[in-house]
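Lettering of chains follows the sequences in order, A, B, ..., and the numbering in each one begins at 1.
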2 protein chains.
Amino acid sequence: MAKSGKDSTEQVITFVREMIAKGELRQGDRLPAERDLSTKLGVSRPTIRAGLRALSAMGVVKSRHGSGTYIPEGPPTLGSEPLRFLAALHGLSRDEVYEARRVLEVSAAGLAAKRASAEHTAVIAEEVASLFASIDDPQEFLVHDIRFHRAVASASGNQIVASLVEMVSALYYEHRRDTAARATDRNLRDAADLHRAIYQAIRKHDIDLAQTLMNRHLLHSAAYQAQEDQPLGLQAARPVKGSRSPRKRAAAPDAS
Amino acid sequence: MAKSGKDSTEQVITFVREMIAKGELRQGDRLPAERDLSTKLGVSRPTIRAGLRALSAMGVVKSRHGSGTYIPEGPPTLGSEPLRFLAALHGLSRDEVYEARRVLEVSAAGLAAKRASAEHTAVIAEEVASLFASIDDPQEFLVHDIRFHRAVASASGNQIVASLVEMVSALYYEHRRDTAARATDRNLRDAADLHRAIYQAIRKHDIDLAQTLMNRHLLHSAAYQAQEDQPLGLQAARPVKGSRSPRKRAAAPDAS
DNA sequence: ATCACGGAAGTGGACTGTCCAATCGGCGTC
DNA sequence: GACGCCGATTGGACAGTCCACTTCCGTGAT
């Protein structure tokens with residue numbers, strides 16, 4: 001009856017929070033069944049469901065029909081859905097997204113250069129190699145581009161920064177995928193070179209250089225994107241085309 | 001008209017998303033009543049509630065009992081709850097939180113120095129003045145400290161960056177509030193001086209200096225915090241339960 | 001003995017119906 | 001005209017029931 005008395009649905013969130021805090025729930029674990037939680041917490045099942053739905057929206061849990069409710073595994077992740085709504089509600093410009101991404105990635109590159117381990121640099125090197133190998137396949141190139149940046153973010157050694165990079169980048173990659181098909185060999189070639197330079201800077205622990213190169217890369221990339229799609233103004237005026245929305249997880253077909 | 005979705009509850013989210021995209025829903029607006037949405041979307045009310053609960057968890061909407069469900073006003077905000085869970089689940093160290101905050105705030109200071117307007121600098125100046133005025137009142141000092149950093153983030157001109165700063169800082173301020181009462185005049189004096197220096201750098205559009213000073217300030221602050229307390233966890237977000245602080249100073253029922 | 005198939009049990013997803021509590025506006029009273 | 005009360009509206013929560021999907025185990029065919 002302590003602090004949990006305000007909202008019944010808050011009780012659910014608090015309960016899960018405390019289970020996590022106590023170490024009773026870890027990654028990959030399954031939560032008790034909704035019916036069990038219902039009796040255990042003394043609240044109705046719809047209320048339990050509401051609480052779990054909230055946790056699900058926060059990305060804390062993930063429900064699988066017929067199986068159970070689980071805590072996702074893998075690296076820490078912040079959903080990018082809230083950002084999408086935020087952008088729509090406040091009319092955030094695409095430039096702001098680009099800039100935010102640049103801020104995060106440049107910092108991540110700096111951190112990576114500061115403390116990248118041998119394993120981290122190896123992963124990055126691998127992606128650089130894959131980039132050069134897929135210069136003739138824009139879609140494949142994009143996949144390794146994404147993985148490269150993810151590897152750099154991971155090498156930063158700061159999981160929060162990595163999560164933020166992922167969150168903001170997700171917005172960016174969405175239409176990036178559309179323009180990827182139109183990229184020329186020249187663009188990809190230049191991009192691959194820059195990626196390699198960034199990798200080398202990280203490997204040499206040259207913080208300033210890594211940051212500078214990453215900044216240049218992203219500025220260049222943003223400029224290229226900007227010249228690609230003008231219809232920004234048109235899209236705003238035109239009524240939404242209804243069903244084109246990427247409801248499906250558009251995150252790119254990565255397997256590993 | 002209901003867009004065919006996999007999940008019934010997804011329909012609700014999609015519906016709201018499209019209303020926002022069409023401009024039919026803006027900040028401060030009230031959503032249709034749950035019962036109306038129920039008939040309009042052809043799904044049951046508990047389902048509507050589940051969808052709204054998810055949106056609420058994302059911070060997109062906010063329900064007020066007896067009044068309605070609204071879209072919050074004010075600057076864009078990303079809840080920090082997900083980060084809290086992330087920290088608990090992945091055992092993120094406090095240092096990571098500090099570092100992430102530093103990364104964001106340093107970048108924000110740089111952007112602010114680049115493009116701060118007269119109004120923005122005025123707001124920052126005001127908070128600096130308030131900092132000096134409340135050197136003998138740690139709690140009040142903390143309030144203006146927070147406002148100062150918020151003003152800087154806002155002056156960055158990038159709402160996404162500002163939101164991220166707010167999100168990460170929220171984690172930080174929680175235990176900061178506990179240690180605030182123990183801060184000495186000397187600490188506050190130094191902090192105020194640094195804040196003033198940061199402000200001046202921003203006003204002079206000296207990007208490098210602003211970043212350097214902000215970085216120094218936060219490093220110093222982190223070092224001070226580190227010597228204060230050890231434990232990290234996720235205590236239930238609200239007031240600390242009885243078992244934590246070895247010595248609790250004056251109660252300070254101030255909730256701000 | 002092995003493996004594929006089928007069904008039962010467990011789980012989340014959703015619906016119907018009902019009641020409670022908070023809010024807000026309008027009406028009547030003072 | 002100001003105040004206060006009361007009811008309509010709205011979100012919050014509950015109970016019971018049914019459905020869809022997943023999983024797994026036992027059965028039977030190979």
Side-chain angles (χ1 to χ4, degrees), chain A residues 1-16 19 24-25 27-73 79 81 247-249, chain B residues 1-16 19 24-25 27-73 79 81 238:
Chain A
M1 179 84 185
K3 56 193 171 270
S4 51
K6 42 180 296 191
D7 227 318
S8 268
T9 170
E10 286 284 337
Q11 281 186 21
V12 183
I13 297 178
T14 300
F15 180 77
V16 174
M19 279 196 74
E24 299 172 5
L25 271 182
Q27 292 187 53
D29 285 356
R30 205 188 78 178
L31 273 69
E34 295 181 349
R35 292 165 178 82
D36 294 345
L37 285 175
S38 178
T39 63
K40 194 174 300 183
L41 291 181
V43 296
S44 72
R45 206 180 139 220
T47 305
I48 296 287
R49 286 183 56 70
L52 292 181
R53 185 70 65 169
L55 287 172
S56 176
M58 290 191 290
V60 177
V61 302
K62 190 168 169 60
S63 292
R64 288 209 310 251
H65 192 168
S67 175
T69 303
Y70 301 83
I71 294 185
E73 300 195 63
E81 218 76 353
R247 191 49 265 146
K248 212 51 175 161
R249 211 78 191 111
Chain B
M1 188 54 129
K3 179 179 186 312
S4 65
K6 328 165 288 190
D7 266 324
S8 274
T9 166
E10 286 284 338
Q11 282 186 21
V12 182
I13 297 177
T14 300
F15 181 77
V16 174
M19 279 197 74
E24 299 173 4
L25 272 181
Q27 291 187 54
D29 284 357
R30 203 189 80 177
L31 274 70
E34 294 182 350
R35 292 167 178 83
D36 293 345
L37 284 175
S38 177
T39 62
K40 194 174 299 181
L41 290 182
V43 296
S44 70
R45 210 184 132 216
T47 304
I48 295 288
R49 287 183 54 70
L52 291 181
R53 186 70 66 169
L55 288 172
S56 177
M58 290 191 289
V60 177
V61 302
K62 189 168 169 61
S63 293
R64 286 208 311 247
H65 192 167
S67 175
T69 303
Y70 301 84
I71 294 185
E73 302 195 61
E81 217 76 353
R238 268 308 168 87

- Query: Can you find a side-chain donor-acceptor pair between A:T69 and A:S63 that sits under 3.5 Å?
  - Reply: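 A pair is found: one side chain offers a donor N or O, the other an acceptor, under 3.5 Å apart.
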Looking at the side chain of [X], which of [options] is the nearest nucleotide?
| X | options | result |
| --- | --- | --- |
| A:H65 | C:dA14, C:dT11, C:dC19 | C:dT11 |
| B:A33 | D:dA13, D:dC14, D:dT10 | D:dT10 |
| B:E34 | C:dA14, D:dG12, C:dG12 | D:dG12 |

- Query: Mapping B:P32 and B:P46 to their closest nucleotides on DNA chain D, which lands nearer the 5' end?
  - Reply: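 In this pair, the answer is B:P32.
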- Report which part of the nucleic acid B:R64 touches: base, sugar-phosphate, or nothing (heavy-atom distance under 4.0 Å, all strands).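 If one applies the 4.0 Å heavy-atom cut-off, B:R64 turns out to touch the sugar-phosphate alone, with no base involved.
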Tell me if the side-chain of [X] makes a donor-acceptor pair with the base of [N], cut-off 3.5 Å, by modelled atom types.
| X | N | value |
| --- | --- | --- |
| B:R49 | D:dG11 | no |
| A:R45 | C:dG13 | yes |
| A:R35 | C:dG12 | yes |

For [X] and [N], is the shortest distance between a side-chain N/O and OP1 or OP2 below 4.0 Å?
| X | N | value |
| --- | --- | --- |
| B:S67 | C:dT23 | no |
| A:T47 | D:dC14 | yes |
| B:T69 | D:dG11 | yes |
| A:R30 | C:dT11 | yes |

Rounded to whole angstroms, how far apart are [atom1] on [X] and [atom2] on [N]?
| X | N | atom1 | atom2 | result |
| --- | --- | --- | --- | --- |
| B:Y70 | D:dT9 | OH | P | 15 Å |
| B:I48 | C:dC15 | CD1 | P | 9 Å |
| B:R53 | C:dG12 | CZ | C1' | 18 Å |
| B:L52 | D:dT10 | CG | P | 14 Å |
| A:Q11 | D:dC14 | CD | P | 8 Å |
| B:L37 | D:dG12 | CG | P | 13 Å |
| B:D36 | D:dA8 | CG | C1' | 14 Å |

- Message: For the backbone of B:K62 and the side chain of B:S56, can you confirm whether one donor and one acceptor N or O come within less than 3.5 Å of each other?
- Response: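 Absent.
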Can you tell me how far apart [atom1] ([X]) and [atom2] ([Y]) are? Round to the nearest 0.5 Å.
| X | Y | atom1 | atom2 | answer |
| --- | --- | --- | --- | --- |
| B:I13 | B:L55 | CD1 | CG | 5.0 Å |
| A:M19 | A:T14 | CE | OG1 | 13.5 Å |
| A:R53 | B:T47 | CZ | OG1 | 8.5 Å |

